[in-house]
Amino acid sequence: GCWNQYSVYQWEHWGQKLGLFTDTVRYHLDYMASWWEDNRKAAVGICLAAILCILLALGLLAASVRRLPAAWLGFGLAYLAVTMGATWLLSAPRYAVGLFCLPGISTRYRQREASVPTVADALAALAKGKTGNYLAFFPSYAYLQQVYEAFAARWPDIPTLVQQRSLDDAGRAEFLAQFVPRPAKTLLGFAVMGGIFGEGVDLVGDRLIGCAIVGVGLPQVNPRQEMLRRYYEEQSGCGFDYAYRYPGMNKVLQAAGRVVRTPQDKGVVLLLDDRFAQPDTARLFPPHWQHIQYLPGTAALETALAAFWDV
C-alpha cells in the first residue's frame, strides 16, 4: 500500500497529525473534561497523568539549561517535540481494534423481525472485509436463528457455524476448533451473547479477527430483574441502570474482548443497535472505545473496513 497510509488514515478519520506538544496537552484536556463526570478514574489516570508528565519533562529541560551542553538540550527538545507532539502516539487502540457502529438498526424485540435483512447485510459486509474468522453475538437463540437463515440463504458461499442450544465440553471444543489460524476461507460463527462463547475464549492471533454484537445485551424482564430495578430505584434513582443497562454492557464488553487477546492482535468490533449511539449507553464505553465510528449504512461500513485493514 501507500508508504504514508498510516498518517493519511490519521488525518482523514481523526484530524490527527504531527504538531506542537501544546496540541497534545489540549487533546488530553478535552478528553479529561469529557470523561470527568462518568469516568473520573480514566480522566485522572490517563489524561491528567499524561499532562503532568509533559510538564515535568519541560520543567526538567528548563532546569538543565545552564547545566547541560547545548547539543544535549537541543536533542531533548527535539525528542519532546516528536514524541509529545504526535497525537497519534496516544491512539494505539484504534489501530488494534476497528470499532464501528450502525445506529440505523434497532434490535428491540418488536423490531427484530424487520431488522433481520439489515443485520444480515451488515454481517456480510463484515465478513467480506478481509478473509478470516468472525463471531456474531445475538441476544437470543430465536433471533440468532432468524438472522442465520436469512444470511445463509443470501450468501451461501460464506461458510457459517451455529452455536446449538445445548453444548457439552466436547461440542464447545469442536466449535472452537473450526477457528483455525491463517484460514483459506472466511468463517462466520453465530453465538449467543453472554453464553459459553461470550467469555473465557482465547482465539489469539488470526484465529478470530472480528466480531459483531447485535443488540445491547439487556437481560430479559423477569421478577428477579424487576426486584433489582425497584431496589436500586429507591436507593439511587438508577434502577434501570443496575438491573438492565449495566449487566447488558458487561456482556457487550465481554463479547468484544474476544477479538484482541494479545498486544499483537488486530481486529474489528461491529456494534449493531441504535442504542449504542445514545448517551445513556455510550457513557459506559471504556476509554479505549473513544475512537468509535458511527456509520450510516453497509456501504459506509465496507469503506471503513477497507481503510482499517489497509493500515
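Source: prediction; values computed, not measured.
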message = Run the side-chain contact (heavy atoms from CB on, under 4.5 Å) test on Tyr232 and Met227 for me, step by step, so that the C-alpha distance in whole Å, both residues' side-chain angles and the decisive distance to 0.1 Å come before the verdict.
response = CA-CA 9 Å; Tyr232 283 108; Met227 187 182 302; over 6 Å; no
| Pairwise side-chain contact, Met193 with Phe138, heavy-atom cut-off 4.5 Å (strictly under) | no
- prompt: Run the side-chain hydrogen bond (donor to acceptor under 3.5 Å, both in side chains) check on Tyr141 and Gln146 step by step: do they pass?
  reply: CA-CA 9 Å; Tyr141 281 104; Gln146 283 182 295; over 6 Å; no
On a heavy-atom basis, the closest approach of Ala256 and Trp289 is CB-CZ2, 3.7 Å
For this session: Walk me through it: do Asp280 and Arg275 pass the test salt bridge (charged side-chain N to carboxylate O under 4.0 Å, His left out)?
Result: CA-CA 8 Å; Asp280 284 343; Arg275 286 168 287 185; over 6 Å; no
*asked:* I want to check something: taking the side chain as every heavy atom from C-beta on, are Cys101 and Tyr294 in contact at a cut-off of under 4.5 Å?
replied: yes
- Task: May I ask you to say whether Arg154 pairs ionically with Asp121, meaning some side-chain N is under 4.0 Å from a carboxylate O?
- Result: yes
Scan the side chains in residues 206-220 for donor-acceptor partners under 3.5 Å anywhere in the protein, sequence neighbours excluded, and list what turns up.
unit_1 : atom_1 : unit_2 : atom_2 : d
Asp206 : OD1    : Arg182 : N      : 3.3
Asp206 : OD2    : Arg182 : N      : 3.1
Arg207 : NE     : Phe179 : O      : 2.6
Arg207 : NH2    : Leu176 : O      : 3.0
Arg207 : NH2    : Phe179 : O      : 3.3

Same apolar cluster (I L V M F W Y, side chains within < 4.5 Å links), Val221/Tyr109: no
message = With a 6.0 Å cut-off (strictly less than), is the heavy-atom count around CZ of Arg224, excluding the residue itself, greater than 12?
response = no
Here the gap from Leu144 atom CG to Gln163 atom CD, rounded to the nearest 0.5 Å, amounts to 7.5 Å
**Request:** Report yes if the side chains of Val116 and Tyr143 come closer than 4.5 Å at any heavy-atom pair, otherwise no.
**Result:** yes
request  = Applying salt bridge (charged side-chain N to carboxylate O under 4.0 Å, His left out), run through Arg283 and Asp241 and close with a yes or a no.
outcome  = CA-CA 12 Å; Arg283 66 185 169 87; Asp241 282 347; 2.8 Å; yes
To the nearest 0.5 Å, atom CG of Leu135 lies from atom CG of Leu188 at 8.0 Å
_Is the shortest side-chain heavy-atom distance between Asp274 and Ile105 below 4.5 Å?_
no
Practice prompt. State, with a plain yes or no, whether a side-chain heavy atom of Val268 is found less than 4.5 Å away from one of Phe100.
Written response: yes
Checklist entry - Looking at Arg230 and Glu233, does any basic side-chain N land under 4.0 Å from a carboxylate oxygen? => result no
(message) Donor-acceptor check, side chain of Gln178 to backbone of Leu161, threshold 3.5 angstrom: yes or no?
(response) no
> Between Phe151 and Trp155, how do the two ring planes meet: parallel, tilted or perpendicular, split at 30° and 60°?
Replying inline: tilted
| Is it the case that more than 12 heavy atoms not belonging to Gln278 sit under 6.0 Å from its CD atom? | yes
Heavy-atom closest pair (Glu302 atom, Ala125 atom, distance to 0.1 Å) is CG-CB, 3.8 Å
Tightest non-hydrogen contact, residues Gln254 and Arg258, listed as O-NE, 2.8 Å
d(Phe190 CZ, Glu149 CD) to nearest 0.5 Å is 10.5 Å
Between Val252 and Phe276, is a side-chain contact (heavy atoms from CB on, under 4.5 Å) present by the stated rule, with each step listed? CA-CA 10 Å; Val252 168; Phe276 286 117; 4.1 Å; yes
Separation between OG1 (Thr118) and CG (Leu102), nearest 0.5 Å, reads 9.5 Å
Inset, instruction - Look only at the side chain of Asp265 and the backbone of Gly205, and say whether a donor-acceptor pair between them is shorter than 3.5 Å. - result: yes
> So, Gln111 side chain and Ser106 main chain: donor-acceptor pair closer than 3.5 Å or not?
Replying inline: no
Test item: Arg112 side-chain N/O and Thr107 main-chain N/O as donor-acceptor pair under 3.5 Å: yes
Notebook entry, point to check: Thr186 side chain to Gly132 main-chain N or O, any donor-acceptor pair under 3.5 Å?
Noted result: yes
Ring-face cation contact, Phe308 with Lys130, 6.0 Å cut, 45° max
no
TODO: Decide yes or no for Leu228 and Tyr242: does some side-chain heavy atom of the first lie under 4.5 Å from some side-chain heavy atom of the second?
DONE: no
| request: Taking the side chain as every heavy atom from C-beta outward, state whether Tyr134 and Leu187 have any atom pair closer than 4.5 Å. | output: no
With sequence neighbours left out, the residues meeting side-chain contact (heavy atoms from CB on, under 4.5 Å) with Pro183 are Asn133, Val180
*Would you check if Gln164 and Phe175 make a side-chain contact, meaning some heavy-atom pair closer than 4.5 Å?*
no
Rounding to 0.5 Å, atoms CG (Leu284) and CG (Leu253) come to a distance of 8.5 Å
When rounded to the nearest 0.5 Å, the distance separating CG of Leu270 from CG of Leu305 is 7.5 Å
> Should we say atom OH of Tyr246 is surrounded by more than 12 heavy atoms from elsewhere, each under 6.0 Å from it?
Replying inline: yes
On a heavy-atom basis, the closest approach of Ala243 and Gln225 is O-NE2, 2.5 Å
query = Is the side chain of Thr281 donor-acceptor paired with the backbone N or O of Ala277 at a distance under 3.5 Å, no angle test?
reply = no
With a 3.5 Å distance limit and no angle check, can you tell me whether His291 reaches the backbone of Gly98 through a side-chain donor-acceptor pair? no
Could you pull out all donor-acceptor pairs under 3.5 Å where a side-chain atom in residues 43-70 meets a protein atom, sequence neighbours excluded?
unit_1 : atom_1 : unit_2 : atom_2 : d
Ser64  : OG     : Leu60  : O      : 2.8

